[in-house]
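Below is one structure, written out as structure tokens; the observations come after it.
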Amino acid sequence: MSKEAPLSLAERDFILDAVREGVRLDGREVDQLRPLRISFGREYGHVKVQLGKTSLVSRISAEVTKPRDDRPFDGVFNIAMELTAMGSPAWENGRQGELEPYVTHVLDRVIRHSNALDTESLCILKGVSCWSIRADVHVTDYDGNLIDAACIGIMAGLQHFRRPDAVVKDGQVIVYGVEERVPVPLNITHKPLSVTFHTFCDGKRVVYDATRKEEQASEGDLVMGINNAGDLCFVSKFAGAPVDAMTLITRSSVALNKVKEINGMIDKALQSDLAERAKKGLAEESRAENDRIIA
Amino acid sequence: MNPPDNGVASFQPVHRPDGSATYTCPLTGFNVLGAVNAPIELPARRDALKPEEATLEVFVKPATSSPAVGERYVEGILRNLLGAIILGREKGFPRRGVVLTLAVLEGGDSKATGRGSSYLTLLPALLHTALLALLSASVPMSMYFTTTIIAVTPSGEIICKPSIKDADEAASVHVLAFSSKGHLLLTESEGSFDFDTWEKVHDRALTICHLPEEASAGNGKVEYAVGSTWQKWLAESVEDYIGFKYAYEFA
């Protein structure tokens, strides 16, 4: 199978009629997000995102490499996303479908090109060594709105991740292990997130966070990348029916509210996880006794 | 022998694939998510399809890098082993595909999943996840299997269920898989060892993996540490899942 099973005519008509009356299949408002759950793994930068039935795992990793010749002061940041048959039977392993390049492009634009991660802070020694940060996204369940879910996963991962400390001593780069020195958080300049809308009824109805079925029934999509300060860093209207200019303006203010709301959720999840970690770390350190076998 | 912790398995953690399972290995910390789609049409591989049986596709995805030679190597091992036990000629399977996707979500420590390091420590976790996912997708199989990893220290001591550190320091590392009938299905070894050592490792692995005949016959007089075998662990995991899934029928 290389395509998602298409909607039946009856199903499509039902969704369209419902949206025309402002009702959605799962009873949400048109501007309402599905229940979002963000949780963290044992390691730094391991994030699990569950958005309705869409779920994914994002992993951030760091290694020391040589910077690019034309940019000796910059570190490297890459986003890798490969869709496997795990997320949906319509995706084939090792073969790019239509969705993969599109999603990767949007993520690249929203997060990497907007300089959310300050790559200059990743430089260790000019032209010799720098950090290479890699964000891997594993899609485990696909039920629409992959772009927003992946964006949340990567941004939460970047804020959660701690890289090992590295110093330069007499022209030598020393990387300290996690046990030797407290690992350093990444330098995040701003927190952009993507907000995806789908249009119905000749652009008259615009729906946020569409499920897979709603995506299939929609006429077109509209993706915005926006940060907490309201800076619009990405707008795309790749395909589908045209969108009115006024819609674009009204939706951007909706998008700003959504980004603030989601960033709030990410912050809350991060804080509770860090508090948990601090508690565990302190308990470990404040133990006075040594490990010894008591017979 | 104390009943060792064989790890945690859960069935159907994701919704889209036909069958899925996760497995967490307690000692190495590997967390693998497996998904199976079967039987499924493979339109792009028409030329590669065998007319009389199912084509098995295995894909291993590492946590923080792109798939490379190491993954291709274990994919080959998995394909050979699973290809031998999946009944690809059952009704509905010929000319279709069995697509198995395994994602390593968490690896023991970052060093273990790095480039060029040994894949043997990960292999049992991958094999167990694959089997559980296939069971959850109800793919017909002629038998099931259990697998274990054993390390031999330079002084000749045999360590069952070694941690990653143990495996790094060992003189040789062996992964063995046994069928439900107790036959040897797979042996992968690394390092230097002689035949006697391998024989010892084989006997040890068999007692860890396989539930002896008497125990499964149920006459009660068993000297083996039955509670610790992989076979029992597997049976219990599947039983729990079926009990949960078909609770309405048992009630």
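Every chain is numbered from 1 and lettered A, B, ... according to where its sequence line falls, protein lines coming before strand lines.
Of the listed residues B:V36, B:L100, B:L105, B:V99, the one with more heavy-atom pairs under 4.5 angstrom with chain A than any other is B:L105. Ranked by heavy-atom pairs under 4.5 Å with chain B, the list A:K48, A:E63, A:R59, A:K53 is led by A:R59.
Between B:F11 and B:Y241, the ring-plane angle classifies as parallel under the 30° and 60° cut-offs. Ring-plane geometry between B:W230 and B:W233 is classed as perpendicular, the angle between the planes exceeding 60 degrees on a 0 to 90 degree scale with a lower cut at 30.
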*Could you walk me through whether A:L36 and A:I38 pass side-chain contact (heavy atoms from CB on, under 4.5 Å), step by step?*
CA-CA 7 Å; A:L36 172 67; A:I38 303 164; 4.1 Å; yes
Return a table of donor-acceptor pairs under 3.5 angstrom between the side chains of residues 147-158 of chain A and protein atoms on other chains or two or more places apart.
{"unit_1": "A:D148", "atom_1": "OD1", "unit_2": "A:S194", "atom_2": "OG", "d": "2.8"}
{"unit_1": "A:D148", "atom_1": "OD1", "unit_2": "A:T196", "atom_2": "N", "d": "3.4"}
{"unit_1": "A:D148", "atom_1": "OD1", "unit_2": "A:T196", "atom_2": "OG1", "d": "2.7"}
{"unit_1": "A:D148", "atom_1": "OD2", "unit_2": "A:N145", "atom_2": "ND2", "d": "3.3"}
{"unit_1": "A:D148", "atom_1": "OD2", "unit_2": "A:T196", "atom_2": "N", "d": "3.0"}

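Interface residues of residues 128-154 of chain B toward chain A, defined by a heavy-atom distance below 4.5 Å: none.
Looking only at atom types and distance, the side chain of A:N93 has a donor-acceptor partner in the side chain of B:T101 under 3.5 Å away.
Between B:R72 and B:E75 there is a salt bridge, since a side-chain N of the basic residue sits under 4.0 Å from a carboxylate O of the acidic one. In this structure, A:D209 pairs ionically with A:R28, as a charged nitrogen and a carboxylate oxygen lie closer than 4.0 Å.
A:A85 touches chain B through backbone and side chain together, each having a heavy atom under 4.5 Å away. The part of A:V137 that comes within reach of chain B is its backbone (N, CA, C, O), which places non-hydrogen atoms under 4.5 angstrom from that chain. With a threshold of 4.5 angstrom between heavy atoms, A:H138 approaches chain B through its backbone and through its side chain.
To the nearest 0.5 Å, atom CD of residue B:E188 and atom OH of residue B:Y73 are 4.0 Å apart.
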